[in-house]
Structure formats: C-alpha cells, structure tokens
Amino acid sequence: MQAFVTRRIPREGLAALSQAGVCSIQQWDSDEPIPRSELLAGVAGKHGLLCLLSDRIDKEVLDAAGSNLKIISTLSVGVDHLALEEIKKRGIRVGYTPDILTDATAELSVALLLATCRRLPESVEEVKNGGWTTWKPLWMCGYGLSDSTVGIIGLGRIGQAVARRLKPFGVKKFLYTGSRPKPESAVEFQADFVPLAKLAEESDFVVVTCSLTPDTKGMCNKDFFSRMKKTSVLINTSRGAVVNQEDLYQALVSGQIAAAGLDVTTPEPLPTDHPLLSLKNCVILPHIGSATYATRSAMSVLSANNLLAGLKGENMPSELQL
Ligand code: NDP
Ligand code: DGY
C-alpha cells in the first residue's frame, strides 16, 4: 500500500509511519504548503492520505486520488477543510486528532484573552517606542476577568478547558451556546445555556471555540457585535470564518466593542496590509493554538497511527464518525 503525506511533520509521526512497514510513504518534504498541482499528482493512486488543515480535500482531490483511497488522516481536530459528504459517499474513513491538543489550545486561548484585555502587545510596544513616560493613573487600562461574565460559543472539549482555566480568575458567570444544551458539561461551571443574542448582550468576554460549520460560518457578524457591550472583548481560537472580519473591523473602529484577539483569520496568513492589523485593539496571532512541541509531536503520532490502523482495516485511535 502507498500513502501520501502532504507536509514535513514532526519526526515522531514520520518514524511511526515508516517503521510500521504497512505502507510506502511519499511526502511533500517542506515546511511550506504543497502546491495544488503537486497535491493532485501526489495523491494519485494512493491508499492513504495524511493531510493538514491547510490542504483543501475536495472532490477534485478525491477524483485525482482515485478509487484506491480508503483513509484520510488529518493532523488536526478541525475537519472543515475536508469535503465530508463526498468523502462519506466514497466510503473513505477519516482520522483526526481530538483531545491531545485541547490543553495547549485552551492555554493559548487564555493567554490571548489576557493579552487582549490587558493590552499586553500595545504596552510592550509603548515601552520600546518611548511612549512610557511615567506611571499614569489613566494609562493602558483594560478589562479584568474578576466578577465578569464569560460567554463560550461552543462548550466542546476546548470550550470546557478554557472555562476550567478561567474560573479561578474570579469569573462570576459562565454562559454558553451551541446546537443544544449540555448539562453534563455545563454543571462544572454552573454555565447557563442561552441563545446567541443573549450571550452577546450579557458577556464581558466572548470566547469562540466552536467548530466551523455552515451554521457557525459568519456567526459573529454586525448584528452580533451590535448586541455586545462597548466594554466587551471577543476572542476567537476556532476558525477565522466564524467571524465576519469586515463587521469586526467596523465594530472595533467605531468602539462598538472594546477589543478582539484572534488566533485564526480569513485568509491565513492574513495579508500584512489587512485593515485589522492597523488596529491597536486587535491582537492577531498566526494560528498557534496547538503549537507546543509536545502537542505537535503527539498530533503527528496520532495522525500516523490513525492512518496505519485504517490501512490495516483496524479501529483507528481517533476516527471521525461520518
Ligand atoms: P468539539 O467538537 O469538542 O467542540 C466543538 C463545539 O462546537 C461543540 O461544543 C459544538 O456544540 C459547537 N458547535 C457546533 N455548532 C455550533 C453552533 N451552531 N453554535 C455554537 N456552537 C456550536 O471540538 P474541539 O473543542 O476539540 O475543537 C473545536 C474547534 O477548535 C475545532 O473544530 C477547530 O476548528 C478549532 N481548533 C483551533 C485550534 C487553534 O490552533 N486555534 C486548535 C484546535 C482546534 P454542540 O455539540 O452543541 O453542537
Ligand atoms: C486544529 O487541530 O484544528 C487546529 O486548528 C490546529 O491544531
């Protein structure tokens, strides 16, 4: 059997693949994304594909792969880059990497929240550029978590891990929204399930940790921001497309909301001349939620083991239910 790996991945994952003796490996051995033409050529005739969130696996790729392709293993928990209906129709199984990246992503979400609400990048810049002239009572003030209301959009694995980390900061109330109430998850935080509009209206901090689906695309839009308090902060560590960036820009410029912290954008990378990058009240990171050495190593091993198990016709350690 033959498998195609679309990027250079941590050596632990590659070692797991090559030492298993289950398949021969062809790899796009670069830190940079594979060009589309190389992906289409590389996947042809392969039985397995190990891909990344930056690879759009659509009908064209599946057609290029042909009927040999039985397993797609993505080095991500997010699966919005996969044409799942088409994949299901062809009987292809999908592996992904839930759980092992939850802690790292929740930790980064909290770091981004604190950096944004306490204006850390702006403050660091002021120290460097001479803007720090003396201690001033009204200078560089932000918003704190103590006594606040935090609204979580998507109380899934990462959403819960974020809430768990924020609770000790003295959060007064947690709200959450999703496709249905999850009392078993919410009980730990005494979180109330509310409609999206109410979450926008009552939260001091909105943290977006849902998956990107047709329902969540553009969910944080003009109407959503118009309901938020002028003192509220938006954090998005989900996918860029959940937020309407033009509407966010207007909300930040007009003072409709206080600030935003984004680990994910549309597109990625965000062009360096993008209007959002000109705003002091917008902190943007380059999609580093899961970027700890240990987590990326574990993701590579899990995605390798998913691929291998699938190729052998066995249960995968983490298979997406299609
Ligand atoms: P989970 O599946 O555990 O959680 C996803 C959550 O999205 C669920 O709670 C689900 O709620 C919620 N959701 C689905 N539809 C809606 C909706 N219409 N409104 C509100 N919430 C909704 O996944 P994870 O927590 O493991 O990961 C979540 C996402 O985080 C990933 O899909 C990925 O896009 C992103 N991610 C980003 C990273 C980064 O580097 N920034 C790292 C890792 C993940 P319900 O069950 O009620 O539908
Ligand atoms: C994912 O896994 O979906 C993240 O975006 C990257 O770890």
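Remember, it's 1-based here, ligands and their atoms both numbered in the order they're listed.
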Under a heavy-atom criterion of less than 4.0 Å, does T102 contact ligand 1?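 False for this residue.
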- request: Please verify whether a non-hydrogen atom of T213 lies at under 4.0 Å from ligand 1.
  value: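 The answer is no, since T213 has no heavy atom less than 4.0 Å from ligand 1.
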Please work out whether any backbone atom (N, CA, C, O) or any side-chain heavy atom from C-beta onward of [X] is under 4.0 Å from ligand 1, and answer side chain, backbone, both or neither.
{"X": "V77", "value": "side chain"}
{"X": "L212", "value": "neither"}
{"X": "V79", "value": "neither"}
{"X": "R239", "value": "side chain"}
{"X": "S238", "value": "backbone"}

If we check salt bridge (Lys or Arg N to Asp or Glu O under 4.0 Å) with D204, which of these qualifies: K229, K173, K230, K172?
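Checked K229, K173, K230, K172 against D204; only one passes salt bridge (Lys or Arg N to Asp or Glu O under 4.0 Å): K229.
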Just need the protein heavy atom nearest to [atom], so name the residue and atom and give the distance.
{"atom": "atom 41 (N) of ligand 1", "result": "D263 OD2, 2.8 Å"}
{"atom": "atom 14 (C) of ligand 1", "result": "S211 OG, 4.0 Å"}
{"atom": "atom 6 (C) of ligand 1", "result": "C210 CA, 3.9 Å"}

Next on the checklist: Regarding ligand 1, does S179 bring an N or O atom to under 3.5 Å of one of the ligand's N or O atoms?
Outcome noted: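 So ligand 1 has an N or O lying under 3.5 Å from an N or O of S179.
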**Prompt:** Do ligand 1 and D215 have nitrogen or oxygen atoms that lie under 3.5 Å from each other?
**Reply:**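 Not met; the criterion fails.
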Point to revise | Sorted by chain and number, the residues that approach ligand 2 to under 4.0 Å with a heavy atom | key: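 Correct list: L53, S76, V77, G78, L101, R239, H287, S290, M299.
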What are the two closest heavy atoms between L175 and S203, and how far apart are they?
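Shortest heavy-atom separation between L175 and S203 comes out as CD1-OG, 3.9 Å.
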Could you list the atoms of ligand 1 found under 4.0 angstrom from a heavy atom of K182?
->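 By the 4.0 Å cutoff, the relevant atoms are 8 (C), 9 (O), 11 (O), 45 (P), 46 (O), 47 (O).
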